[in-house]
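First the structure, in the form of C-alpha cells, and then the observations on it.
Just follow the structure's listing: the first ligand is 1, and inside any ligand the first atom is 1.
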Amino acid sequence: MTRLVLVGPPGAGKGTQAVALSQRLSIPHISTGDLFRAHVAEQTPLGEEAKRYLDSGELVPDSVTNEMVRERLAESDTKAGFLLDGFPRNTKQAEVLGEMLAESDSALDAVIQLDVPEDVLVERLLGRGRTDDTEEVIRRRQQVYQSETAPLLDYYRDILVKVDGVGEVDEVSSRIVNALDARA
Ligand code: AMP
C-alpha cells in the first residue's frame with residue numbers, strides 16, 4: 001500500500017512523473033488539475049465555477065477542491081494506494097487530507113518533492129502549450145506556488161523525499177522509486 005503525494009513548482013514535470021510512477025507502482029494517479037480540466041470540458045457546475053481560477057492561475061477555493069478529492073478518494077481503486085498530483089496545494093488542504101485519511105485509519109507514506117531549477121521550469125512551461133500557459137498566468141502560478149504550496153515542504157518535512165527532477169522521464173522516475181525504496 002503506497003499513499004503518495006507529488007509536490008513541485010509548475011513545470012517541474014509532476015504530471016509526467018505521476019503517470020510514469022503510477023504505472024510502475026500500480027496505483028491510481030489523481031491529478032486535481034486534470035479533474036478540474038475534465039469538469040471544465042464537460043461544463044459541469046463545478047467546472048463552471050473552477051474555470052476562472054484555472055484561467056487566472058489562482059487556486060480554486062478549498063471547499064470545492066477538498067470535496068472533489070474526498071469523492072475521488074472514496075472510490076475503491078484507491079484502497080491499494082494512490083499518487084496525488086497537485087493536491088494538497090496549501091497547508092489547509094494538507095490538514096483536510098490528513099483528516100480524510102485518518103477517518104479510515106490511514107496516512108500518507110511519503111511526499112515526493114520534484115526539485116527543478118527555475119530556468120528549466122520556464123523553458124518547460126513555454127514549450128507545453130496548455131491554454132493556461134501564457135506568460136502572465138505562468139508567472140502568477142509560480143507566485144502562488146511560492147506563497148501557498150512551498151510551505152508544504154516544511155509541513156511534510158518528516159516524510160519528505162527530495163528528488164532531482166532534471167533528466168529523462170525514466171531516469172527521474174527511477175530516482176524516485178530508488179529514493180522511496182531507500183526509505184522503506
Ligand atoms: P495543475 O494541472 O496542477 O497545474 O493545476 C492547474 C490549475 O488547477 C491550477 O492553476 C489551479 O487553478 C487548479 N488547481 C489544481 N489543483 C488545485 C488544488 N489542489 N487547489 C486549488 N486549485 C487547484
Taking only heavy atoms of F87, which atoms of ligand 1 are found under 4.0 Å from at least one of them?
19 (N)
Check this for me, if you would: do E103 and R70 make a salt bridge, where the nitrogen-to-carboxylate-oxygen distance has to be below 4.0 angstrom?
yes
Can R52 and D55 be counted as an ion pair, charged N to O under 4.0 angstrom?
no
Check ligand 1 against Y53 and write out every atom of the ligand that is under 4.0 Å from a heavy-atom position of the residue.
12 (O)
To the nearest 0.1 Å, how far is atom 7 (C) of ligand 1 from its closest protein heavy atom, and which atom is that?
L54 CG, 3.7 Å
Under a 4.5 Å cut-off applied to non-hydrogen side-chain atoms, are L46 and V40 in contact?
no
The atoms of ligand 1 lying under 4.0 Å from a heavy atom of T65, numbered in the order shown, are 18 (C), 19 (N), 20 (N), 21 (C)
Among all protein heavy atoms, pick the one closest to atom 4 (O) of ligand 1 and tell me residue, atom and distance.
R130 NH2, 3.2 Å
Around atom 22 (N) of ligand 1, find the nearest protein heavy atom and jot down its residue, atom name and distance.
V60 N, 3.0 Å
Distance from atom 5 (O) of ligand 1 to nearest protein heavy atom, with residue and atom
R89 NH2, 3.2 Å
Does this structure show an ion pair linking R141 with D132, if we count only N-O contacts that are shorter than 4.0 Å?
yes
Between R24 and D170, does any side-chain N to carboxylate O distance fall below 4.0 Å?
no
Nearest neighbour in protein (non-hydrogen) for atom 20 (N) of ligand 1:
Q93 NE2, 2.9 Å
of all protein heavy atoms, closest to atom 16 (N) of ligand 1 is T32 OG1, 2.8 Å
Salt bridge flag under 4.0 Å for residues K14 and D85:
no
Is it the case that ligand 1 has an N or O less than 3.5 angstrom from some N or O of R141?
no
Any salt bridge between R72 and E75, counting N to O under 4.0 Å?
yes
re atom 19 (N) of ligand 1, the protein heavy-atom contact at minimum distance is G86 O, 2.9 Å
Looking only at protein heavy atoms, what sits closest to atom 23 (C) of ligand 1 is F36 CE1, 3.6 Å
Any carboxylate oxygen within less than 4.0 angstrom of a Lys/Arg side-chain nitrogen, looking at R139 and E136?
no
Note: ligand 1 atoms sitting under 4.0 Å from heavy atoms of E58 are 11 (C), 12 (O)
Of K51, R37, K92, the one whose closest heavy atom lies nearest atom 2 (O) of ligand 1 is R37
Between R140 and E58, is a salt bridge (Lys or Arg N to Asp or Glu O under 4.0 Å) present by the stated rule, with each step listed?
CA-CA 7 Å; R140 182 61 196 145; E58 303 295 331; 2.7 Å; yes
